[in-house]
Amino acid sequence: MPTLKACDNDAGWRIDCHVASSGLAKLAIRAEVGRATAYAECWSDHGAVTVDYGITLD
């Protein structure tokens with residue numbers, strides 16, 4: 001397996017971002033950057049960002 005710099009020294013993470021209008025941003029309830037909690041679980045130097053918005057779809 002290639003060396004994953006972010007997992008090796010906790011630097012160089014590739015983190016997603018969300019772009020939202022000011023109206024949608026005000027509805028954001030929670031945001032989280034997903035990353036492995038242990039080196040043995042680290043399979044990528046990518047940290048996916050998830051955002052929960054307080055909206056319902058009809």
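No hydrogens, no waters, no symmetry mates; every other heavy atom, side chains included, goes into these values. Along the sequence shown, the residues carry numbers beginning at 1.
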Qualifying residues under side-chain contact (heavy atoms from CB on, under 4.5 Å), relative to Ala31, sequence neighbours excluded: Val51
Test side-chain contact (heavy atoms from CB on, under 4.5 Å) applied to Val33 - qualifying residues, sequence neighbours left out: Ile15, Val49
Donor-acceptor contacts under 3.5 Å from residues 21-28 side chains, at least two apart:
residue: Ser21; atom: OG; partner: Leu24; partner atom: N; Å: 3.2

Atom pair OG1/NE2 of Thr50 and His18 - distance to nearest 0.5 Å: 6.5 Å
Value rounded to 0.5 Å, distance of OH in Tyr53 from CZ in Arg30: 12.0 Å
